[in-house]
Structure formats: C-alpha cells, structure tokens
Amino acid sequence: MEENEAKSYWTWSKHDFYPEPSFQSWQTYKTALSQTGHRLKDRFLDRSSNTQELEVRKESVNEMKRCLSWWDLIWLSFGSVVGTGIFVLTGQEAHNHAAIVLSYAISGLSALLSVFCYTEFAVEIPVAGGSFSFLRIELGDFVAFIAAGIILLEAVVGAAGLARSWTSYFATFINRQPDSLRFHVSAFADGFNLLDPLAVAVLCTLSAIPMFGSRKASLLNWIAAMFSVGIIVFVIIAGFVKGDASNLSPFVPYGAGGVFKASAVLFWAYTGFDMVATMAEETKKPSRGIPIGLIGSMSMITLVYCLMALSLSMLVKYSNMDVNAAFSVAFKSVGMNWANYVVSFGALKGMTTGLMVGALGQGRYTTQIARSHMIPPWFARVHPKLGTPINATLLVTLSSACIALFTSLDVLSSVSSLSTLFIFMLMAVALIVRRYYVYDVSSKSDLLKLWIFLVMIIGSSAGTSAYYYLRPHGWVGYVITLSIWFLGTLGLAVLLPQQRTPKVWGVPLVPWIPSFSIAINLFLIGALGYQAFVRFAICTGVMLVYYVFFSLHATYDIAHQKPLDLETAKGISSG
C-alpha cells in the first residue's frame with residue numbers, strides 16, 4: 001500500500017497540473033477565455049473563509065505532521081532570520097548610508113508591528129498559507145493572487161541572494177576575494193555577469209534537508225543556533241572591547257534620508273519571521289506556540305541586530321567598511337586576524353541555517369497557494385511517508401538556483417525588500433478589515449466608512465513618503481498628510497464599531513498599531529530606488545499575465561464546481 005501511495009505521488013499527467021474543467025480541451029479553454037471579464041469580476045469580489053482555508057488542506061491528499069513546539073518556533077525564526085541580513089547587508093548599508101544602528105531599530109519596529117498582525121491571524125487560522133491565506137480571507141481572491149506572486153518572488157529572490165552571500169563569505173573564509181569563486185562573463189550586463197555555481201550547489205543541498213521532515217530540520221537548526229549565539233556574543237563583546245567610540249562620529253553623516261534608505265534595505269534582514277506563521281499546521285498548540293514564537297523571536301532578534309551593528313560601527317568607520325564581508329574585514333583591521341575565521345564561520349553558519357529554514361517556510365507558502373489552484377495543484381501534494389511538501393520545495397529551490405547563478409546581491413536585496421514591505425502593508429490592511437467588517441453582519445454604510453478611512457490612511461501614508469523623498473526639507477506637506485492619517489485612524493477608532501473580537505490572542509490598540517504599520521511600511525518602500533520599482537513592476541506584470549490566462553480560470557472553476565464535479569476532477573487527476 002505504501003509503495004502504491006509513494007508511486008502515485010510522482011505522477012506527471014496533464015490532469016495532475018490542470019485538472020479544472022476549463023483546461024480539459026482547447027474548446028473549453030477558449031470558452032473560459034471568452035468569459036475573462038465576468039470571471040475577473042467574480043474573483044475580485046470573492047472572499048475565502050476560515051473554514052475554506054482549513055478545508056483546502058485536503059488538496060494535499062496527505063497531512064503534515066504536528067511535531068513542533070513554541071521552543072522550535074523561536075529557534076526556527078532565529079535560524080531563518082539571523083545571518084540573512086546582519087552578515088550580508090550591514091557593511092553595504094553602513095558604507096553607503098551609515099547610522100545602521102538607528103536603521104536596524106526602525107526596521108525592527110516595523111517588523112514587530114507586522115508580527116502582531118501575523119500572530120492574530122495565525123492563531124485563529126492555523127494553516128500553512130500564512131499571509132496568503134489571511135489576505136485571501138479578508139481582501140479577496142485577486143489581492144491574494146498578487147500577494148501569492150509577491151510571496152513567491154520574495155522566496156525565490158531571498159534564497160538566491162542568501163546563496164550568493166554564502167559564496168562571498170566562504171571566499172573570505174579561505175583568504176580569497178569575495179568574488180574570486182565566481183566566473184566573469186563580459187557579454188552579460190553588470191549585475192548579471194558574475195556566475196556563481198557554488199551558490200547553486202549550496203542552495204540545492206540545504207533546501208533538500210527540509211524535504212525529509214520538519215522535525216529533523218528543526219533539530220539541526222536548534223543545534224546550529226547554539227553556535228550562532230556564542231559567535232554573536234563574541235562579536236558584540238569583542239567589538240566593544242576593541243572598538244573605538246570615535247568611529248561613531250559622525251553618527252548620521254548622510255542625514256535622516258540615509259537612515260531611512262538603509263532601513264528600507266535592511267528590512268530584508270528581518271525577513272523570515274513570517275515563516276513561523278506558515279508552520280502553524282505543524283505546531284502542536286498553535287494558540288500558545290505561535291505568539292511566543294513570533295513575538296519572542298522578533299524582540300530578541302531586533303536587540304541582537306542593534307548591538308551587532310553598534311559593535312561593527314565602533315570597530316571601523318563607516319567609510320572604510322567592506323560591502324561584502326564587513327565583520328570579517330573589520331576584525332582584521334584591528335589586528336584580530338584569527339577572529340576573521342570565527343566571524344566568517346558564524347556568518348556561513350547563519351546563512352546555512354537561513355537557507356535550510358527558509359526552504360522549510362517557502363515550501364509551506366507554496367503548498368497553500370497550490371491548494372487554492374492559483375498555481376498547479378501538483379505542487380500542493382504532501383508526501384505520504386515524509387509528511388512534507390516536496391514538490392513545492394523543489395519549485396522554489398530550482399527557481400532560486402537559476403537566479404542565484406546570475407544575479408548580484410544589490411539587485412536582489414532591493415526587490416526582496418520592496419516585496420516584503422508590500423506584503424506586510426497588506427497584512428496590516430487585512431487586520432483592520434478583519435476587525436471592522438464581517439460579511440452579512442456589517443451594514444453597507446459601515447463598509448463605505450471603512451474603505452473611506454482606509455483610503456485616507458493608505459493615501460496619506462504614501463503621500464508622506466513621497467513628500468519626504470521629493471521635498472526632504474519641507475514641512476507643509478507633512479501637516480496635510482499626517483493630519484489625514486490621524487483623522488482616518490481616529491475615524492476607525494471612534495465612528496466604526498469593531499465587528500470581530502479575537503478568541504485567543506489579538507493585536508492591542510487597534511486600529512492605531514496596524515495603521516502605523518501601514519504608514520511605516522509605505523514610508524520605507526519610498527526609500528527604495530527607482531530600479532527596485534521597475535523590477536518589481538516587471539515581475540508583477542508577468543504574474544498578472546499568468547493570472548489572466550491560467551489562475552483566474554482555475555480558481556473560478558474550483559469556486560463554482562458542484563461537489564460531484566470536484567470529486568470527478570480529482571478522480572481524473574489520480575487516475
């Protein structure tokens with residue numbers, strides 16, 4: 001029986017990828033395309049529910065195993081986050097924008113506000129989809145698809161950037177230049193002309209580990225985290241002992257603009273905590289484990305980042321920092337050549353666990369997206385013996401490997417930061433909608449008020465960001481935009497009753513905390529460069545093309561099939 005189940009897991013027929021009625025023949029597909037307008041309207045207005053998001057787990061055929069505690073979640077978050085940014089981007093942003101202690105504090109505050117939003121959702125909707133499922137319930141199918149595309153983009157780009165950073169640090173660890181293990185191809189454009197086969201090999205190897213079980217990956221991560229803690233303590237103490245406070249002056253050489261620009265990019269250093277929300281389906285007691293795991297880990301990580309950034313800033317002046325391997329080169333500059341190996345090993349270890357744990361969460365995101373049929377449901381399958389989503393993990397891993405081979409870190413980090421900030425902004429919007437609107441309960445007038453206040457909050461937040469970066473020394477614009485933001489948030493608090501009360505754990509001070517989260521995320525998005533927006537727009541355009549020709553019709557079919565039809569489609573797929 002087990003042999004037959006394992007064999008059926010690896011079927012490759014067309015019906016495994018596109019079992020929906022719209023894709024059964026060219027004629028049915030043409031009919032579906034002719035109804036694109038109607039279907040777009042239907043999908044734009046459609047909302048999922050808590051029950052539906054829990055029920056779609058059946059699409060995976062087999063269930064994931066509940067094997068994780070709050071202790072596992074804290075260290076999984078720590079392993080996923082620490083190493084991704086602190087060792088990778090700190091030198092780059094300190095050299096280019098400085099004041100990284102303040103930048104890390106601002107990014108950490110923004111991340112913590114987002115953590116609150118994630119926690120409330122994850123406790124009440126313990127599924128593998130994380131922000132995708134939460135947005136699908138509150139903001140609808142179409143917005144959820146945009147979020148799904150951005151989540152996959154963030155996963156692919158983030159893993160690729162981390163893998164390339166692994167190569168740079170490994171090169172310095174063996175006393176070579178950061179780019180010495182890459183191959184230069186003069187025919188390719190700058191930013192894409194340094195091929196990195198080592199990054200591909202490391203990425204594929206480490207991403208394979210979570211395929212053999214979440215508990216095994218968690219145990220390896222916990223053991224490795226103990227080494228990280230020791231190295232972090234060493235870096236902080238050594239930096240304070242060997243460092244010189246005069247290197248901190250000038251503390252903000254590029255002004256507040258430099259601080260915020262660095263904050264926007266350094267936000268990438270906090271990505272990965274949302275992975276804990278995707279582990280809800282494998283957590284023994286989600287209502288207890290997720291709040292402790294998310295809030296506890298993010299508070300600890302923010303403090304660690306600020307202390308490490310301060311230590312580095314004391315060791316070497318911002319203008320002399322190496323942009324590729326800042327900590328290693330900094331210790332060399334104060335005569336601690338042996339410490340270079342300790343720091344490089346710590347960075348490599350952090351990046352190694354980051355890649356492994358990142359693959360764990362990315363596979364869960366992809367699984368829930370596939371369960372909704374926004375991408376082929378073949379990627380939703382959970383292996384019958386291992387209890388892990390192997391197909392979904394392979395999709396992200398191989399896509400990341402292709403990008404890691406060509407693309408430089410500066411190109412990847414800006415796109416990843418924009419994607420992450422955008423998702424976190426949407427999550428704050430979704431939380432406000434969840435608290436203030438319930439279908440068939442809220443009146444039309446309350447719904448209208450809700451959207452008016454949301455438009456005021458989002459519009460004024462975007463306006464504040466645009467005004468700051470276009471007129472950094474002005475003040476009139478701030479009086480207008482901040483007043484509108486305050487009035488929009490106050491309107492929610494005073495003029496609209498909350499329609500839903502969290503059953504287990506809720507974000508405090510609603511609507512002020514999610515409203516401030518919207519504002520700070522949009523402000524940090526504004527700090528990213530023009531090229532990041534262009535690349536983000538191109539990626540989003542490609543996603544929309546796929547949606548119009550494939551995802552739209554697949555999700556429409558699933559939403560409107562009769563139960564018998566759905567079972568028939570599944571029978572065709574399994575056959």
(request) Give a yes or no on whether the ring-centroid distance for W75 and F78 is below 6.0 angstrom. (result) yes

Scan the side chains in residues 312-320 for donor-acceptor partners under 3.5 Å anywhere in the protein, sequence neighbours excluded, and list what turns up.
from : atom 1 : to   : atom 2 : distance (Å)
S313 : OG     : A309 : O      : 2.8
K317 : NZ     : S249 : O      : 2.3

(message) If the condition is side-chain contact (heavy atoms from CB on, under 4.5 Å), which residues does S207 pass it with, not counting sequence neighbours?
(response) L203, A359, T397

(message) Could you check whether any side-chain N or O of T302 sits under 3.5 Å from a backbone N or O of M298, counting only pairs where one atom can act as donor and the other as acceptor?
(response) yes

(message) Which heavy atom of R164 sits nearest to which heavy atom of L405, and what is that distance?
(response) NH1-O, 3.4 Å

(message) So which atom in T367 and which in A392 form the shortest heavy-atom distance, rounded to 0.1 Å?
(response) OG1-CB, 3.6 Å

(request) Take F327 and M308 through the test side chain to side chain contact (heavy atoms under 4.5 Å, CB included) and record every step on the way to the result. (result) CA-CA 9 Å; F327 284 92; M308 291 184 72; 4.2 Å; yes

(request) Give a yes or no on whether the backbone of I74 and the side-chain of S297 come within a donor-acceptor separation of less than 3.5 Å. (result) no

(request) Report the residues that fulfil ring-ring contact (aromatic ring centres under 6.0 Å, His included) with F486, sequence neighbours left out, ordered by chain and then residue number. (result) W512

(request) Check L73 against G293 and note the closest heavy-atom contact, atom names and distance. (result) CB-CA, 4.1 Å

(message) Once rounded to the nearest 0.5 Å, what's the spacing between atom OG1 of T393 and atom CG of L398?
(response) 10.5 Å

(request) Could you walk me through whether T90 and Y104 pass side chain to side chain contact (heavy atoms under 4.5 Å, CB included), step by step? (result) CA-CA 9 Å; T90 304; Y104 270 120; 2.7 Å; yes

(message) With rounding to the nearest 0.5 angstrom, report the CG to OG1 distance, D179 to T167.
(response) 9.5 Å

(message) Restricting to non-hydrogen atoms, name the atom on W70 and the atom on G289 that form the minimum distance, rounded to 0.1 Å.
(response) CB-CA, 3.5 Å

(request) Determine the minimum heavy-atom distance between L522 and S461, stating which atoms define it. (result) CD1-CB, 3.6 Å

(message) Return the CD1 to OG distance between I518 and S460, rounded to the nearest 0.5 Å.
(response) 9.0 Å

Would you give me the side-chain donor-acceptor pairs under 3.5 Å for residues 225-240, sequence neighbours excluded?
from : atom 1 : to   : atom 2 : distance (Å)
S228 : OG     : K349 : NZ     : 2.5

(message) On a heavy-atom basis, which atom in P389 and which in G363 lie closest, and how many Å separate them?
(response) CG-O, 4.0 Å

(request) To the nearest 0.5 Å, tell me how far L426 CG sits from I146 CD1. (result) 9.5 Å

(message) Are more than 12 heavy atoms, taken from residues, nucleotides or ligands other than F183, located less than 6.0 Å from that residue's CZ atom?
(response) no

(request) Calculate, to the nearest 0.5 Å, the distance between atoms CH2 and CG belonging to W166 and L355 respectively. (result) 9.5 Å

(message) Between T489 and W485 (side chain of the first, backbone of the second, donor and acceptor by atom type, cut-off under 3.5 Å), is there such a pair?
(response) yes

(request) Would you give the length of the straight line joining atom CD1 of I525 to atom CD1 of I520, rounded to the nearest 0.5 angstrom? (result) 11.5 Å

(request) Run through I423, N521, L421 and flag the one making a side-chain contact (heavy atoms from CB on, under 4.5 Å) with S114. (result) N521

(request) Tell me, with the steps shown, if T388 and R364 meet side chain to side chain contact (heavy atoms under 4.5 Å, CB included). (result) CA-CA 9 Å; T388 58; R364 276 72 187 160; 4.0 Å; yes

(message) Set out, in order, the CA-CA distance, both residues' side-chain angles and the distance that settles side chain to side chain contact (heavy atoms under 4.5 Å, CB included) for L395 and N391, then state yes or no.
(response) CA-CA 6 Å; L395 172 65; N391 296 352; over 6 Å; no

(message) F121: which residues meet the ring-ring contact (aromatic ring centres under 6.0 Å, His included) condition with it, sequence neighbours left out?
(response) F134

(request) State which residues pass ring-ring contact (aromatic ring centres under 6.0 Å, His included) with F260; sequence neighbours excluded, sorted by chain then number. (result) Y468, F523

(message) Using side-chain heavy atoms (C-beta onward) and a distance below 4.5 Å, is L509 in contact with F116?
(response) no

